[in-house]
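Labels below follow one simple rule: chain letters A, B, ... track the order of the sequence lines, proteins then strands, and each chain is numbered from 1.
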There are 4 protein chains.
Amino acid sequence: MMNRVVLVGRLTKDPDLRYTPSGVAVASFTLAVNRTFTNQQGEREADFINCVIWRKPAENVANFLKKGSLAGVDGRIQTRSYDGQDGKRVYVTEVLAESVQFLEPRNSSGNNRSDNMNYGAPREQDNPFGGSNNYQNQRPQTNRNNQDYTRVDEDPFANSGQIDISDDDLPF
Amino acid sequence: MMNRVVLVGRLTKDPDLRYTPSGVAVASFTLAVNRTFTNQQGEREADFINCVIWRKPAENVANFLKKGSLAGVDGRIQTRSYDGQDGKRVYVTEVLAESVQFLEPRNSSGNNRSDNMNYGAPREQDNPFGGSNNYQNQRPQTNRNNQDYTRVDEDPFANSGQIDISDDDLPF
Amino acid sequence: MMNRVVLVGRLTKDPDLRYTPSGVAVASFTLAVNRTFTNQQGEREADFINCVIWRKPAENVANFLKKGSLAGVDGRIQTRSYDGQDGKRVYVTEVLAESVQFLEPRNSSGNNRSDNMNYGAPREQDNPFGGSNNYQNQRPQTNRNNQDYTRVDEDPFANSGQIDISDDDLPF
Amino acid sequence: MMNRVVLVGRLTKDPDLRYTPSGVAVASFTLAVNRTFTNQQGEREADFINCVIWRKPAENVANFLKKGSLAGVDGRIQTRSYDGQDGKRVYVTEVLAESVQFLEPRNSSGNNRSDNMNYGAPREQDNPFGGSNNYQNQRPQTNRNNQDYTRVDEDPFANSGQIDISDDDLPF
DNA sequence: TTTT
DNA sequence: TTTT
């Protein structure tokens, strides 16, 4: 009925970009969000929050954010489950990002483009059914590290504990 | 750096109230938040989001909310980990509620008191060090179902998969 | 760069539905949001927050909410200005609702349809350019009070202090 | 009942720090929050959102933020009214910040201290009744521009259109 | 399994 | 009355 999350933190690693069998892009990344208070031992801790973003913004995230980047996320909490390798059900709570905001100053790391662009915003590209956007088998033009992105039928999310990603996981 | 969550949904069960060894109250509950869109099969799904709240508001939650209650939560996402019974580390993502809003109409279920009271708000009772409030070993005056609340040294969170709760888990 | 608002409160009046010259629906309403704390005199006060919503959700709001309805709003803060009748510029801060959640129990007032429907959600109807939706000159099928809705060239927002509304006010 | 705002944007001017007659600090500032979409003319616009923060965090804001600083605000919307100089009531909608996050990189402007400190967080200093904090007549130790801060009985908010600020305006 |  |  209402479900809203806003985060600002730093990526713990480079984002991970995958494609579903039908060619839809998904990026996943973890945000380290430092707490504003200290624990009983006087240490400042952080929450490590897993985030997922789909379609064009996923490719923007993969192209413009990297380990250590300061980013803002606006989205919602999503829970899902899948069968773990040991046979029992694994429950996941993560943030489905609807937009990701790049908060690094423009000249901070050199390989980033314009400042403060919002990666989920233009409503029509965000819309799965809108316009003429077809992400099927599409490859990003710009690619930070030139790797060949894994397609999901070639074992996506292998190292993130999720065995299989399908088009059924699409948020809308 | 920034971490904010707002949810409105219904409790999937009665809230679960525990006490730490030093007597601090903790309530946990799960909110079912219906999605506003349907999946590929045209079904409306829900996210099941685990929430935790501490101190006096925890007791209010235990006393005034029950399975099916419509409630709003304002808080933040918290991640933590503990050693599972099988020896490997379990990672948990949940919402630390800072305030819980009761959204049921006053006359809906009969045993609820005033409408729309906010359970975390009065800052001074919320403050662990503030004023003369001492929740240590305190028992709620009103008690919906008159059970004798488990103290944590008597196996708290036993059925929720967490073996041990300590005062170190206090959010501030 | 980031701008997110979540509110739950009650409508102070029936919502006000207008149409731009090109036929786009706009509803405006005020939410009374009770504060969770009391002032120096021990009184509980409220904030009265003006909200605006466009297109199909505007018509849903007009059809399903009325004075006193409990509603949730997810949106963003918008500022705008116009020339007042006394010649000087008037500055307005209001909430642009992206979705409105009806939180009244289903049987509470009789003339409401299903419970907890979300009025802004289905992304494709929300999209101004999406699909085959054309709201131009469209009239709501269901109409709570059967009035003939004012079109904006017939002096819309006359009683709300804004002299003129145009298609330029569309949020996207 | 629920009222939550999260913003990230840039200060349009240096923050304005005042004191109530009883010595409580208040800072006000405007955040320019760029929209993520463009208007009909293809221009990217911004919302200019007035924010207010009280007590110790107000002094931190005054000391560490200035025109152009990137900042995050977590708070709520507040409405209030006062009698304008022309005799008629003026209605104000603004954001009451509960915490302000400094998002500028540490070495960006030279005169800022540590990175990403949160200015409203430590709950006990935030609490008006908590601990031994007494802001009465207190002057900030660090002062960016060494001006002598106006006290409110010496015409505070004179240039912001509000004639008088009193301790009754304290949010809690 | 974590970021500055 | 607006910021990068």
Side-chain angles (χ1 to χ4, degrees), chain A residues 7-16 28-36 44-51 65-73 101-109 113-118 157-162, chain B residues 1-3 79-81 88-93, chain C residues 1-3 79-81 88-93, chain D residues 7-16 28-36 44-51 65-73 94 101-109 112-118 157-162:
Chain A
L7 305 173
V8 174
R10 291 186 182 278
L11 293 240
T12 60
K13 293 183 188 171
D14 285 3
D16 184 34
S28 49
F29 58 91
T30 299
L31 269 194
V33 183
N34 295 129
R35 295 180 181 170
T36 56
R44 166 145 295 124
E45 295 175 334
D47 295 288
F48 299 97
I49 304 171
N50 297 322
C51 300
L65 296 179
K66 58 175 200 292
K67 182 176 175 174
S69 297
L70 186 67
V73 162
Q101 179 70 22
F102 180 30
L103 295 170
E104 217 65 50
R106 64 187 139 232
N107 47 356
S108 70
S109 51
R113 217 183 29 149
S114 71
D115 66 319
N116 292 326
M117 59 169 303
N118 183 293
F157 282 92
N159 45 8
S160 66
Q162 185 183 343
Chain B
M1 301 122 110
M2 299 195 87
N3 184 339
T79 59
R80 58 187 174 82
S81 60
K88 54 184 170 49
R89 202 129 198 93
V90 181
Y91 293 88
V92 177
T93 298
Chain C
M1 302 106 120
M2 299 194 87
N3 183 339
T79 59
R80 56 187 175 84
S81 60
K88 55 183 168 52
R89 202 129 198 91
V90 181
Y91 292 89
V92 176
T93 299
Chain D
L7 305 172
V8 173
R10 291 187 184 277
L11 294 239
T12 60
K13 293 183 187 172
D14 285 4
D16 184 34
S28 49
F29 57 93
T30 299
L31 269 192
V33 183
N34 294 129
R35 296 181 181 169
T36 57
R44 166 145 295 124
E45 294 176 335
D47 295 288
F48 298 97
I49 304 171
N50 296 323
C51 300
L65 296 180
K66 57 178 200 291
K67 182 175 174 175
S69 297
L70 185 67
V73 161
E94 66 204 353
Q101 178 71 23
F102 180 30
L103 295 169
E104 217 64 48
R106 64 186 138 235
N107 47 355
S108 69
S109 51
N112 298 309
R113 218 182 30 147
S114 71
D115 66 319
N116 292 326
M117 58 168 305
N118 183 292
F157 281 92
N159 44 9
S160 65
Q162 184 181 345

Side-chain contact check for B:Tyr91: nearest option of E:dT1, F:dT2, F:dT4 is E:dT1
Counting any heavy atom closer than 4.0 Å, what does A:Gly9 reach on the DNA or RNA strands: base, sugar-phosphate only, or nothing?
-> nothing
Which one, E:dT3, F:dT4, F:dT1, comes nearest to the side chain of A:Ala32?
-> E:dT3
Atom CG of A:Leu11 to atom P of E:dT1: distance rounded to whole Å?
-> 20 Å
Rounded to the nearest Å, what distance is computed from the CG atom of residue A:Leu31 to the C1' atom of nucleotide E:dT3?
-> 9 Å
Please report, rounded to the nearest Å, how far the C1' atom of E:dT2 is from the CG atom of A:Asn50.
-> 10 Å
Atom-to-atom span, CZ of A:Phe29 to P of E:dT2 - whole angstrom = 19 Å
Side chain of D:Thr12 (C-beta onward), nearest among E:dT2, F:dT2, E:dT4 = F:dT2
Assess whether side-chain contact (heavy atoms from CB on, under 4.5 Å) is satisfied between D:Val73 and D:Phe29, documenting all intermediate values.
-> CA-CA 11 Å; D:Val73 161; D:Phe29 57 93; 3.9 Å; yes
Rounded distance in Å - CG (D:Leu70) to C1' (F:dT4) = 9 Å
Between atom CG in A:Leu103 and atom C1' in E:dT4, what is the gap in whole Å?
-> 14 Å
What is the distance, rounded to the nearest whole Å, between atom CD1 of A:Ile49 and atom P of E:dT1?
-> 18 Å
Partners passing salt bridge (Lys or Arg N to Asp or Glu O under 4.0 Å) against A:Arg44 (at least two apart in sequence or in another chain) = none
Which nucleotide in E:dT2, F:dT2, E:dT3 has an atom nearest any side-chain atom of D:Phe48 = F:dT2
Rounded to the nearest angstrom, tell me the gap between atom CZ in B:Arg89 and atom P in E:dT2.
-> 10 Å
Straight-line distance of A:Leu70 CG to A:Gln101 CD, nearest 0.5 Å | 10.0 Å
Those residues that, when tested against D:Asp47, pass side-chain contact (heavy atoms from CB on, under 4.5 Å) (two or more places apart) | C:Asn3, C:Arg76, C:Gln78, C:Thr79, D:Arg35, D:Ile49
